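Order of appearance sets the numbers: ligands from 1, and atoms from 1 within every ligand. Please read all numbers here as calculations on a predicted model, not as lab measurements.
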Amino acid sequence: MTHMHVAGAIHADATAHAPQWLTLPEDVNALTKQLWSSNTRRTDAGELEIAGRTAASIIDEVGSPVYVIDADDFRSRARRWREAFGDWQVFYAGKSFLCTTVARWINEEGLGLDVCSGGELAVALRGGMDPARIGMHGNNKSDDELRAALAAGVGRIIVDSSQEIGRLERLCAELDTVAEVMIRVTTGVEAHTHEYIATAHEDQKFGFSINGGAALVALVRSHHSPYLHLRGVHSHIGSQIFDTDGFEVAARRTLKLIAQFKEATGTELGELDLGGGFGIAYVKEDTPATPEELAAGLRSIVEHECRGFGLQVPLMSVEPGRAICGPSGTALYTVGTVKAVEIGSGQARRYISVDGGMSDNIRPALYAAEYSATLANRASSTGPVLSRVVGKHCEGGDILVRDEFLPDDVMPGDLIAVPAAGAYSRSMASNYNHVPRPPVVAVADGRITTLLRRETLDDLLALDAGA
Ligand SMILES: *Cc1c(COP(=O)(O)O)cnc(C)c1O
């Protein structure tokens, strides 16, 4: 409270319309450690610095806005996940962020890589990813995508429908090959997360239902197919999940299914994947578990359930996406305008408009995702003011950070940094309003490497076949 600065009626009570979880910071310049990549700090002069480069110097070199990946943080996070899970396999979910360099890092760090389209597969292969450690997902893979996966020799195709079983059999006959498959099942788990990122309750598009019996039918059919080599069962319950309760229920139901399959066929399936969705800190109040805690928790759950069903512990795998790339990435923006907007009963909300928005991070608009932000080019000696960081698009919902305390003196030309922006930002980016997509740069020891360059107006116009 001591730093609080009251500048007239407009923010007479800075916290009145703050959400309950958002507490007034004691020091508006302070960085909350778990939000930022490990090599991010504030310099003595007060500037935000990522892996030895200040935010301002990054923008001087590559322009604004930009996604910045702390390369050592990314790689050591990937390594830490692999090491924490020991003999379990860890597949990085490429949809969270993928480019050829990331595929190379993932390959070099010994993880597997999940793709869910022909495009992601092409990037993974171009990046040198070992095909044997690629998993191919998707609820509606085309013939071309399946053919590309089979031709590349991917280690596993996660089958999502009975039509896909037929499609794969036909393609395998055509290519004279056998597909390595897992069966994606829905466990009926209601994950405690946003509806659009929960994937295991019954009424959604993914997988075969265990409850309805479709999962067992698909397993038996695949087991008897001469064209398929059935490796095991796959479950993914959703994303941004903080507790292991949902995984416990998923493990119990999938292992029960494996026990039923054993009863029906005499064969014990050797592999089980529990999916990804491990939550990360987007705001100060988020307290994610460490990979070591998760590994220990999941391991004891699986061992316990296997004992209960009289099964061997299968070869286990998990698929973290955001937990690896999310915290490593920071989005940097430049402030264009600042305005106070009357919101009734003498209250105002401060809107800070930056040079990006829903085209470079759709998550707040898509599922009300929360983010945080800090002033990046300097420390401020003014107090915190509740602010909303918004983009430049023609939508009222074009919000990047719905609620955050930022210094009172934020002005045009200042830089704003949004942490935990490494996952599902660039990978979900669009060209809405014909805004070119920002570049992704990696920074390590003060050196900037471009992973994806900035799109240009020429790139956009190159697609336009008109006059
Ligand atoms: C999206 C997805 C993941 C990764 O989710 P995160 O929240 O990024 O960890 C893993 N597995 C499957 C099948 C997915 O669809």
Side-chain angles (χ1 to χ4, degrees), residues 74 77-78 80-82 84-85 88-98 102 106 111-117 120-121 124 133-141 149 154-161 164 181-187 189 191-201 204-208 232-244 246-247 250 254 271-282 286 288-291 294-295 298 316-329 361-363 366-367 369 420-428:
F74 186 111
R77 217 173 276 277
R80 183 172 170 189
W81 271 85
R82 182 177 55 69
F85 277 83
W88 290 30
Q89 290 180 298
V90 177
F91 283 76
Y92 169 67
K95 71 179 200 231
S96 57
F97 176 63
L98 188 63
V102 162
I106 289 297
L111 284 77
L113 175 63
D114 276 343
V115 298
C116 55
S117 71
E120 288 182 4
L121 177 62
R133 281 188 280 129
I134 294 179
M136 178 85 176
H137 279 274
N139 67 300
N140 185 18
K141 307 173 192 77
V154 304
R156 55 196 219 182
I157 295 174
I158 292 83
V159 173
D160 198 278
S161 68
E164 186 179 350
V181 302
M182 295 181 90
I183 297 296
R184 168 83 177 255
V185 303
T186 46
T187 53
V189 172
H192 299 149
T193 189
H194 190 277
E195 182 191 351
Y196 287 1
I197 50 177
T199 55
H201 54 295
Q204 49 77 41
K205 70 175 185 173
F206 292 108
F208 296 90
V233 172
H234 186 288
S235 153
H236 170 71
I237 59 175
S239 280
Q240 191 57 4
I241 297 163
F242 283 99
D243 51 39
T244 50
F247 291 100
T254 47
E271 294 186 33
L272 174 60
D273 190 305
L274 290 177
F278 309 103
I280 63 168
Y282 287 102
D286 293 334
T290 64
L294 288 166
L298 294 182
M316 297 295 304
S317 47
V318 288
E319 304 175 317
R322 85 187 63 223
I324 290 175
C325 65
S328 308
N361 188 355
I362 191 67
R363 296 186 66 257
L366 188 60
Y367 24 67
Y424 303 104
S425 301
R426 181 56 172 80
S427 72
M428 288 183 135

For Met182, run the side-chain contact (heavy atoms from CB on, under 4.5 Å) check against Asp273, Ile157, Val233 and tell me which one passes. Asp273
Candidate pair Phe91 and Trp81, rule ring-ring contact (aromatic ring centres under 6.0 Å, His included), full reasoning: CA-CA 10 Å; Phe91 283 76; Trp81 271 85; over 10 Å; no
Could you check whether Lys141 pairs with Glu164 (Lys NZ or Arg NE/NH1/NH2 to Asp/Glu carboxylate O, under 4.0 Å)? yes
Between Arg184 and Glu319, does at least one N-O distance fall below 4.0 Å, as a salt bridge requires? no
Near ligand 1, at a heavy-atom separation below 4.0 Å: residues by chain and residue number: Ala93, Lys95, His137, Arg184, His234, His236, Ser239, Gly276, Gly277, Phe278, Glu319, Pro320, Gly321, Arg322, Tyr424
Charged tip of Arg322 within 45° of Tyr282 ring normal and under 6.0 Å: no
Less than 6.0 Å separating the ring centroids of Phe247 and Phe278? yes
